[in-house]
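Take a look at the structure set out below.
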Amino acid sequence: MRERHGTVCGSQVTDESRILIVGLGLIGGSLAAGLKASGYAGEIVACDRDPSEIEQGIALGVIDAGGTELAPWVAESSLIVLAVPVLAMAPVMTELASMVSDQVITDVGSTKQAILQAAERAFGRLPRRFVLGHPIAGSEKSGVAASNPDLYRHHKVILTPQADTDPTALARVRALWEACGAEVLEMDVMRHDQVLARTSHLPHLLAFSLVDTLARQDERLDIFRYAAGGFRDFTRIAGSDPVMWRDIFTANRDAVLEALDDFEAGVARLRQAVANGDSDAMLGIFDRASHARHYFDTLLNKTRYQAMEQRNVRYRVSPGGQVTGTIRVPGDKSISHRSIMLGALSEGVTQVEGFLEGEDSLATLQAFREMGVVIEGPHQGRVTIHGVGMHGLKKPAGPLYVGNAGTAMRLFAGLLAGQAFDTELTGDASLTKRPMGRVADPLREMGAVIETAEGGRPPLRIKGGQQLKGITYDMPMASAQVKSCLLLAGMYAEGETRVREPAPTRDHTERMLNGFGYPVSRAGDVAWLQGGGHLTAAPIDVPSDISSATFFLVAAAITPGADLTLEHVGINPTRVGVINILKAMGADLELFDEHEVGGEPVANIRVRYAPLKGIEIPSDQVPLAIDEFPALFVAAANASGTTRLRGAEELRVKESDRLQSMADGLAILGVENTLYEDGIDIVGKGEDGPSYGGGRIDSHGDHRIAMAFTVAGLRANDHIVIDDCANVATSFPGFVDLARRVGMTLEEVSA
């Protein structure tokens, strides 16, 4: 991120550039130390009212020079960092106002609204080259002696630029923090203060209060002597600088009080549950908290949700390998989503086995917890859902975040359109690029009030309390998600809702609704239901996901000598396009032990290698295999002759443009292909040896693209490196381990 000769990310910092840090404590000193450690060649000076801090900073090599007065250091400095306590910002800025010209200024304060207002008073307006900032890092230690060059590494720094902030100044400040190894985000000032009041300021307030309360009790010695590690961990932050936190609570008073009000209301609910011996209410609170903590810890460690920057996981696949053994892939994601949704809306307790513990499914589960549903688990695929009935959901405290789960967002849109409260659905960067007009438009025909972002994209803002009416809707393209969305909305609508699909799509929703006692009828290409019914809890055993199994079906089908069995795979007739297509290409697939589980057909599938041939994929199979085509394209690259696909324009609007992404990747490997608006022609070689070369592939954050090119490595003559693979965990947790178990050589690295 930094060149050694003083230029930082194109920000015009030269060897002669001077950075002035005002306030040489832990935060300012660690910034200086981090810059030094990164190789910054310019001069770093400091101003602090304590001369001993300046002397110690120079002695430690943290700064090059400094003093207790501002004036001598400002003119020759190109960048000024205000690292004084929050309440000291105003007098420092007042003094600084008459000295600065075109210097870039930034700060480290944790209450941005107060600092913005202080800057406006001092300068008359916030200077365009003043970039408000806040590093989310710290320590209980203080002073320059505690300076740590790694304090900001892998931590977040939030910048809160205004609409007229100078872009070059913003880039300069961003580069400053990135040089120290920080992850830089941007946020609105008010939103920053609200978020930090809840995630940082409130916990500190509670820790100070708890320790103070216990310290004033007669039994305090025993309390502290026998306190367990959890008490120590929670109260550790009470050892922070009291003056600093007094200033923060004073400066961010309104947001802190709002957060404290919410907390006190939550404590009151818990107190009432304990007083009444209400075990269900206590379980709901504890279970939501426990799994929210686990869920968000997982997300934060992977830094991929909640508007955090996504780490780049890279796969390196060695050429060759074998595919043998017996495996069971994770549970079906589509059924896992629906099991939570319908179980939550049912009357009674629903037991789910085989639940997919991937991030998409967990996002759905967490969303229902936020709407007041008590859900136990998941524990090794087992989930217990305490249903609240069709009208028992509660308004969530904020937007429902579904991560990368397009299925969740589209199905949620239908069932939330019929609720009495307003909701907002949002997702990660990938999901917010995907079109939602295909569900929003027909829902509006039913009477729903839905706002979307530009281009019909998320977030979706759904107005509650609307009277929905059943409609007859002819879908312009085959989509199980659209069909399911409208059927779920139809349960809340007056009259009958009928959906006609141009081609068969997966029918998990219809099957599960019938299994929960809500009748759904079907005749030909039309499915319909009557509004006003109810759901009754029923057990669900989630089959293994045929979409996940597909990567291993193809792996065995293209690898000489392969013999692989996949257990308990869902073979719903609306999902078996991949089996039909592979068989038509000559694959040796055998289905055995076929039976039904909870209305869903399952079977074991044995795949042995057999030479494949190119085919023209039948149009009636396209919607039955729409999610499996990335892997099928790899099969086509290893077949003899040309495989032709048409009528698959739906692939253009998945997590990526899968037609384009696969065409680009195949071309890099040397596989001849011709791309069309609704399909592709792929010319395979089909020899027993390598079919193509290696290369570096961009998955565009699409898990299916990443896994497809991982499988391609089995027949490559060189390494395949695949970038942006973090989203594989979204749909297929454990993919890397299973790939290695059956014989692929796959290395996973964080780039």
Side-chain angles (χ1 to χ4, degrees), residues 288 291-292 294-296 298-300 302-308 310 332-345 355-373 375 378 383 385 393-417 419 421-440 443 448 450-453 456-462 464 479-482 484-485 488-489 508-509 627 653-656 701-703 726-733:
R288 280 196 301 276
H291 289 282
H294 174 74
Y295 175 60
F296 291 126
T298 300
L299 302 187
L300 291 174
K302 295 178 180 178
T303 58
R304 50 179 312 276
Y305 280 107
Q306 304 293 51
M308 301 298 179
Q310 178 175 324
D332 187 287
K333 182 167 65 172
S334 298
I335 297 175
S336 294
H337 278 305
R338 289 161 172 82
S339 69
I340 298 297
M341 292 180 178
L342 299 191
L345 297 174
F355 178 80
L356 173 66
E357 296 184 40
E359 291 172 3
D360 276 8
S361 307
L362 290 173
T364 293
L365 187 151
Q366 190 62 29
F368 275 98
R369 283 195 173 113
E370 292 178 26
M371 290 188 286
V373 181
I375 303 175
V383 179
I385 308 162
L393 297 179
K394 298 177 182 177
K395 179 178 175 61
L400 294 176
Y401 184 84
V402 297
N404 191 244
T407 299
M409 179 165 283
R410 292 188 176 113
L411 270 60
F412 266 128
L415 68 88
L416 292 175
Q419 303 302 320
F421 48 81
D422 297 351
T423 45
E424 179 178 338
L425 291 168
T426 187
D428 68 6
S430 172
L431 186 58
T432 54
K433 297 175 183 176
R434 298 171 66 182
M436 294 295 153
R438 62 181 59 185
V439 294
L443 286 173
I450 302 177
E451 297 178 7
T452 65
R457 289 173 167 76
L460 303 184
R461 296 178 178 86
I462 304 170
S479 170
Q481 294 177 2
V482 175
S484 297
C485 167
L488 292 175
H508 301 307
T509 300
D627 285 333
V653 291
K654 291 292 187 177
E655 282 82 340
S656 69
D702 190 326
H703 49 281
N727 279 338
V728 171
T730 296
S731 67
F732 199 154

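Since the structure is predicted, the reported quantities are computational estimates derived from the model, not experimental observations.
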Inset, instruction - Please report the C-alpha distance between Val383 and Ser339 in whole Å, then the side-chain angles of each, then the deciding distance to 0.1 Å, and finally whether the side-chain contact (heavy atoms from CB on, under 4.5 Å) criterion is met. - result: CA-CA 10 Å; Val383 179; Ser339 69; over 6 Å; no
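- Of all heavy-atom pairs spanning Pro458 and Ala453, the tightest one is O-CB, 3.4 Å.
- Counting only distance, with no hydrogens or angles, the side chain of Ser336 and the backbone of Leu356 share a donor-acceptor pair below 3.5 Å.
- Nearest heavy atom pair, residue Phe412 against residue Met371, reads CE2-CE, 3.9 Å.
- Remark: the backbone N or O of Asp702 is not paired with any side-chain donor or acceptor of Asn727 at under 3.5 angstrom.
- No donor-acceptor contact under 3.5 angstrom links the side chains of Ser334 and His508, judged on distance only.
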Legend entry - Full working for side-chain contact (heavy atoms from CB on, under 4.5 Å) between Met341 and Leu415: CA-CA 9 Å; Met341 292 180 178; Leu415 68 88; 4.0 Å; yes
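- Leu460 contributes atom CG, which lies 9.0 Å from atom OG1 of Thr423 (distance to the nearest 0.5 angstrom).
- Taking each heavy atom of Val653 and Arg438 in turn, the nearest pair found is CG2-NH2, 3.1 Å.
- Formation of a donor-acceptor pair under 3.5 Å by the Ser361 side chain with backbone atoms of Glu357 is not found in this model.
- Listed by chain and number, the residues in a side-chain contact (heavy atoms from CB on, under 4.5 Å) with Ser484 are Arg338, Leu411, Thr509 (sequence neighbours excluded).
- Side-chain contact check for Met436 versus Met409: some heavy-atom pair is nearer than 4.5 Å.
- At a threshold of 4.5 Å between non-hydrogen side-chain atoms, the residues Asp627 and Lys654 count as touching.
- The side-chain heavy atoms of Val402 and His337, taken from C-beta on, include no pair separated by under 4.5 Å.
- Residues Ala413 and Ile462 share a closest heavy-atom pair of CA-CD1, 3.9 Å.
- Rounded to the nearest 0.5 angstrom, Arg410 CZ and Gln481 CD are separated by 4.5 Å.
- The two residues Thr364 and Ala408 make their nearest non-hydrogen contact at OG1-CB, 3.3 Å.
- Not a single ring-ring contact (aromatic ring centres under 6.0 Å, His included) links Phe355 to another residue, sequence neighbours left out.
- Rounding to the nearest 0.5 angstrom, the gap separating the CG atom in Leu425 from the OG1 atom in Thr432 is 13.0 Å.
- With a 6.0 Å radius and a threshold of 12 heavy atoms from other residues, nucleotides or ligands, Lys395 has its NZ atom above the threshold.
- Atom CG of Leu342 is separated from atom CD1 of Ile385 by 9.0 Å, given to the nearest 0.5 angstrom.
- Between Lys333 and Asp360 a salt bridge is recorded (basic side-chain N to carboxylate O distance below 4.0 Å).
- Rounding to the nearest 0.5 angstrom, the gap separating the CD atom in Glu424 from the CG atom in Leu400 is 9.0 Å.
- Atoms CD and NE2, on Glu655 and His703 in that order, are 4.5 Å from each other to the nearest 0.5 Å.
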Inset, instruction - Show your working on side-chain contact (heavy atoms from CB on, under 4.5 Å) between Leu393 and Leu345 and close with a plain yes or no. - result: CA-CA 8 Å; Leu393 297 179; Leu345 297 174; 3.8 Å; yes
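- In this structure, Leu431 and Gly427 approach most closely via the heavy-atom pair CD2-CA, 4.0 Å.
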